[in-house]
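So you know, we letter chains A, B, ... as the sequences are listed, proteins then strands, and number each from 1.
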Number of protein chains: 2
Amino acid sequence: MTKPVVGSMTAMRHLNTTLVLTTLRAAPGPVRVSALMRETGLSRPTVEALVDSLGGQGWVEASEGRPQSGRRSPGRPARTYAFNARAGWVLGVDVGAHKVSACRADLRGRPAAWARRAVTPATPAADRLSAARAAVDDVMAGAADAPVLAASLATPGAVVPHRQRVLLAPALPGWDEVDFGAWAAGFLDCPLDIDNDANLAVLAEQAVGVARDRADVVFVLLGERLGAGITTGGRLLRGQDGAAGEIGYTRLPPHVRPPAGYGPLEAHVNAHAIVAMVEAELARPEVPADSPLRRRFAAGGPGDRLPALAASARDGDPAALRVLRTLCGRLAQGIAPMLLVLNPELLVLGGGVSSIGDVLRAPLSAALAEQVLFPPELELSALGDRAVVLGAVHAALARFEDTILAEITA
Amino acid sequence: MTKPVVGSMTAMRHLNTTLVLTTLRAAPGPVRVSALMRETGLSRPTVEALVDSLGGQGWVEASEGRPQSGRRSPGRPARTYAFNARAGWVLGVDVGAHKVSACRADLRGRPAAWARRAVTPATPAADRLSAARAAVDDVMAGAADAPVLAASLATPGAVVPHRQRVLLAPALPGWDEVDFGAWAAGFLDCPLDIDNDANLAVLAEQAVGVARDRADVVFVLLGERLGAGITTGGRLLRGQDGAAGEIGYTRLPPHVRPPAGYGPLEAHVNAHAIVAMVEAELARPEVPADSPLRRRFAAGGPGDRLPALAASARDGDPAALRVLRTLCGRLAQGIAPMLLVLNPELLVLGGGVSSIGDVLRAPLSAALAEQVLFPPELELSALGDRAVVLGAVHAALARFEDTILAEITA
DNA sequence: TGTGTTTCGAAACACGATTTACAAATCGAA
DNA sequence: TTCGATTTGTAAATCGTGTTTCGAAACACA
């Protein structure tokens, strides 16, 4: 749209416009012109002209009232200005094996609506897309007041950069044939980015989770599948084929073959493997018949098994603790090479298994300290099963910042 | 020095100044003003004012002569301007276990002088520093016409970011106690950066080697030691403690303990291990007494053993080929997790062992294809044992670009 | 020797930010 | 209530920077 004028006055105007706008956006509440002058280093007439212009375009709102109810100062009361976070929406969608989630958020990243739909790993690609479309329609209901400015979609598998296609998603039938760009063109009039779910989860942890202000972070997404999202220097590491962080496919000594569709390491530590470990432990003769783990494990349904393990471990049941030690040993051995290669400052554990993260933390830390030269800090995901969809929201937000903000002229 | 004025006219002047200067620097030879107008998008008066000012400061030279002897065009002959690559020097120093190298280069990165000094792994830190100082003095002899504007130093071990100290260099006595900043302050009046040798080697391959225009590259430095230099998105991956890429410390199944000071994987594949593999192969009863490998191996000294292996392999000696297959199997198994994590586009093999890289290439490619989901391209280092010191030169050059160029005002 | 083409140099112009001056609005104290 | 202090809002003058415009200069080619 705007021609790429370099070094001219209009370029400076652009710079100053986005400078003022981003300063306003970073502020928690309304800001007076004097504060903007201080923050941006610009003069009063300049700042006023810019906020006027931005106000005319709807990006900024003038709030006549008090700055923010803080201390009153002498002198003529200041008009204050605030970034209009409702000037548009961003959309995050997480298309997973078992569920599809969507979240609509304002331009500050504050969620305004959530939706989810259940699917199964066997759901055909077309139906999965329909579920995603339905979730998007849900969150967009009654939000026609402002346009969607950017959207981002999370999916398992490797997302080929710049191609909007998925590789390596053997668990989802037909998923590698979907053209997401064409799909979204039907109902979304905004840029759409596709990315791997673990990649987006690490972005979420950086934006609003436990990895705030951390540059080199590894997010391990462990549930039925195993994958990692990696940032280096604050930037996402995607790799040539979008397959960076696919540690589930790490080779293991070939005693056992993984089930079709799973990587060797993945099948060795995922939720199924944990259940199998418990069963193997319970089959040992020295485990008493009234072991808490045995009782709890028999009592619940399939969804209660991991919590049963965690509860027994919290009670100090030696059998449960042994299982956790075994699991953490395997996990540590699997991710140690990654930590050696990346030397990150923080390792975040997320995904379904992180629901029992509190009992994993100590044994995993111990196992990592043995295996890794410089072990990173270990944290549990703060965002639960919303990490991925929140990551999509923040990826869309980043797209808004990079692309849309740059096009705003004044 | 210059206050960080944002969005003011002087800021634009800065931008345009560096724009013109970098354009001139990127050009192979003298450039006319018209070409600069085209490249930068600026108008003639602006460009002329800037080159005038830059000329006054010595950064640019006006060459009255022909543009560059190319086709002559009608009209008044143009004055041409060229970046003055001799306005200063950059310095690269590689302090290794067996040798210390230095290289002085002009501001376009073209080497102007080389020097090297032999040391041993047992050389005390003070003597190693003296050798480095002597090498620097060698390359600086007779180069007092222009100042050294940036310098960079390569060392084995993990370099703690922003601390100019080395961790994890067990092979070099006292090396982790050296304060390089204080050392350099004595005779270098310019910024000095310290970095890991493999890290700098990958920079060199990106600048002038086989990795030009590649963003995600892994450089495996294999000789007596094993380390990797990694770039992701064109930027160096250093890690929290500067220990990224230290894959030599990858754990192996504990049949054998590594010698003190070596990592497990390192001791399993390095030059010593290769010699041991050959000896084990020769001890096998089915290897004939007149095997070419046996003859060549017995003939030469310690330095001729790797070439002997390579020569035998080129002749098709089955024993030599078996050794290479074994070596490449071990190596592939060791670096496969790294490639899985990073999914790079290119793997460069360098270091002492790359002298036999031609016979390693095929078996290593084959082994990697078996182990890795998306195997990268495999190339041999084009820079030999100068990769590291050239990398230091280019790191200094990058520092010049980032820091010094930004301070040039006009 | 002329014509066309390109470059050079200076003047006039446009644009944006700053500085300066002054009016407006509120608080606090007499 | 009144007046000064203090901060904000507004308008004009000023300055710095890049662009446009125009004519002169210098060379190639016919």
Salt bridge flag under 4.0 Å for residues Asp195(B) and Arg238(B): yes
Which nucleotide in the list dG16(C), dT18(C), dT8(D) gets nearest to the side chain of Leu42(A)? dT18(C)
dT8(D), OP1 or OP2 - any side-chain N/O from Ser34(A) closer than 4.0 Å? yes
Exercise: identify the closest heavy-atom pair between Arg104(B) and Val139(B): NE-O, 2.6 Å
Quick one: on DNA chain C, does Arg76(A) or Met12(A) contact a more 5' nucleotide (nearest heavy atom)? Met12(A)
Quick one: which of dG18(D), dA17(C), dG9(C) gets closest to the side chain of Asn16(A)? dA17(C)
Compare the minimum distances between each of dT18(C), dT17(D), dT7(C) and the side chain of Thr10(B), then state the nucleotide with the smallest one. dT17(D)
Under 4.0 angstrom between Arg79(A) side-chain N/O and dT10(D) OP1 or OP2: yes
Considering only side-chain heavy atoms of Pro45(A), which listed nucleotide, dC8(C), dA11(D), dG18(D), is closest? dA11(D)
Step through the shown structure and confirm whether more than 12 heavy atoms of other residues, nucleotides or ligands are within 6.0 Å of CG on Asp145(B). yes
Output the single nucleotide from dT10(D), dT18(C), dT7(D) whose closest atom is nearest the side chain of Arg44(A). dT10(D)
So which one's nearest nucleotide on DNA chain C is more toward 5', Glu48(B) or Ser43(A)? Glu48(B)
Sequence neighbours excluded, the answer for side-chain contact (heavy atoms from CB on, under 4.5 Å) partners of Ala141(A) is none
